[in-house]
Amino acid sequence: MRLLVCGGAGFIGSAFVRARVREHADQVTVLDKLTYAGRRENLREVDPDIRFVHGAIEDPIAVADAAGDAEAIVNFAAETHVDRSITGPEEFIMTNMQGTHVLLEVARERGLRYLQVSTDEVYGSIEEGSFTERSPLAPSSPYSATKTGADLLVASYFHTYGLATSICRGSNNYGPRQYPEKLIPLMILNALAGDSLPVYGDGLQVRNWLFVEDFGRGIGVVLERGEPGQAYNCGGPDEMPNIDVVRRILSLCGADESLIEYVQDRPGHDRRYSLSSSKLNGLGWSARMRFEDGLASTVDWYRDNAWWWEPIRSGAYREYYERHYGRALKSS
Ligand SMILES: NC(=O)c1ccc[n+]([C@@H]2O[C@H](COP(=O)([O-])OP(=O)(O)OC[C@H]3O[C@@H](n4cnc5c(N)ncnc54)[C@H](O)[C@@H]3O)[C@@H](O)[C@H]2O)c1
């Protein structure tokens, strides 16, 4: 397939691009703004086989150029960190909503298939049971609200213009190359460096963990076999409270639980996310990686790939961390 992959230099997008180029021989153009979260290094292994366009999804000229002769657009591009959306929602509105609109217009003009990568956070928090695709949308942060707005816009392009759209909503992803502001890489790198591990509130927020390659495969299945106009949930096989995740990481890193430091909870922090994936199971997808194995291999990857995270941990991320947590990182 000839694909335009937006946000393909980020954590999940780059895993998707690697898999599509290697396993499906797709012709891929990546359009990416290279924000703090996007890195060319993430595409190093497939660099000779793809076209890379440096540009923003909210820029119609860059999108038209990048679209070339693509048959489908897969949109990963987003501002993705909830904490940053609380302190500065503007970028989230620009990229997640305005950017999605520009992509939809290009898809409409050219009659392209359109797949929007979305998140379980659009449903909000659930105490018991799991969300299905019929559950009401009830986002609680500016991040999830802008993702929800984008999902609704995508759905409207199917209903109004007949555009062949799909939405794939993933639960919390983890794996190699995730920017260290997110829970799992944050805790791994702090544990390896002997820095304290900042745990929000009581640490009992439950997340449904999905290995990044499983999500990439799920998105591929929706792209190939999803029914136009439909949304598909893609949830991980295991749920766990954050504090248990942190304890497992400490043990895998050979670090002591005394490094745990409880810090003030995130405002409006959702307690539990949980997705039912039975609709996507019906298309033949199921998660292959259990959390225990995926977490161990992720810790190994960060331990073995300091070249990837050292430039991040010694750069602007240090200032962000200090500002956000009110304490400095010990080491780079
Ligand atoms: N990380 C998760 O747990 C998770 C779970 C479910 C869904 N998602 C969704 O998956 C997608 C990818 O998430 P991720 O964790 O890989 O994010 P990420 O932050 O690692 O990467 C985002 C990528 O988008 C690029 N980008 C940002 N703004 C852009 C713009 N205006 N134009 C072009 N490119 C831009 C960045 O440079 C980066 O390469 C997002 O849409 C996110 O909402 C993430």
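Just so you know, ligand 1 is whichever comes first in the structure, and atom 1 is the first atom listed for that ligand.
With respect to the salt-bridge test (charged N to carboxylate O, under 4.0 angstrom), the residues D202 and R271 qualify. Salt-bridge formation is not detected for the pair D59/K33: no Lys NZ or Arg NE/NH1/NH2 atom is positioned less than 4.0 Å from an Asp or Glu carboxylate oxygen.
For T298 against G175, the heavy-atom pair with the smallest separation is OG1-CA, 3.5 Å.
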Stepwise ring-ring contact (aromatic ring centres under 6.0 Å, His included) check, Y174 with F291: CA-CA 9 Å; Y174 70 101; F291 186 60; 5.0 Å; yes

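Only one option out of E181, E79, E90 pairs with R84 in a salt bridge (Lys or Arg N to Asp or Glu O under 4.0 Å); it is E181.
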Any protein N/O atoms within less than 3.5 Å of an N/O atom in ligand 1? List the atom names and distances, or say none.
residue: ligand 1; atom: 3 (O); partner: N173; partner atom: N; Å: 2.8
residue: ligand 1; atom: 16 (O); partner: F11; partner atom: N; Å: 3.3
residue: ligand 1; atom: 16 (O); partner: I12; partner atom: N; Å: 2.8
residue: ligand 1; atom: 19 (O); partner: T80; partner atom: OG1; Å: 2.8
residue: ligand 1; atom: 20 (O); partner: F11; partner atom: N; Å: 3.1
residue: ligand 1; atom: 31 (N); partner: E58; partner atom: OE1; Å: 2.7
residue: ligand 1; atom: 31 (N); partner: T95; partner atom: OG1; Å: 3.0
residue: ligand 1; atom: 32 (N); partner: I57; partner atom: N; Å: 3.0
residue: ligand 1; atom: 34 (N); partner: K33; partner atom: N; Å: 3.1
residue: ligand 1; atom: 37 (O); partner: D32; partner atom: OD1; Å: 2.5
residue: ligand 1; atom: 37 (O); partner: L34; partner atom: N; Å: 3.4
residue: ligand 1; atom: 37 (O); partner: T35; partner atom: N; Å: 3.0
residue: ligand 1; atom: 37 (O); partner: T35; partner atom: OG1; Å: 3.2
residue: ligand 1; atom: 39 (O); partner: G10; partner atom: N; Å: 3.0
residue: ligand 1; atom: 39 (O); partner: D32; partner atom: OD1; Å: 3.2
residue: ligand 1; atom: 39 (O); partner: D32; partner atom: OD2; Å: 2.6
residue: ligand 1; atom: 41 (O); partner: F76; partner atom: O; Å: 3.0
residue: ligand 1; atom: 41 (O); partner: K147; partner atom: NZ; Å: 2.7
residue: ligand 1; atom: 43 (O); partner: Y143; partner atom: OH; Å: 2.6
residue: ligand 1; atom: 43 (O); partner: K147; partner atom: NZ; Å: 3.1

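Scanning for salt bridge (Lys or Arg N to Asp or Glu O under 4.0 Å) contacts around E322 gives an empty result, with sequence neighbours left out.
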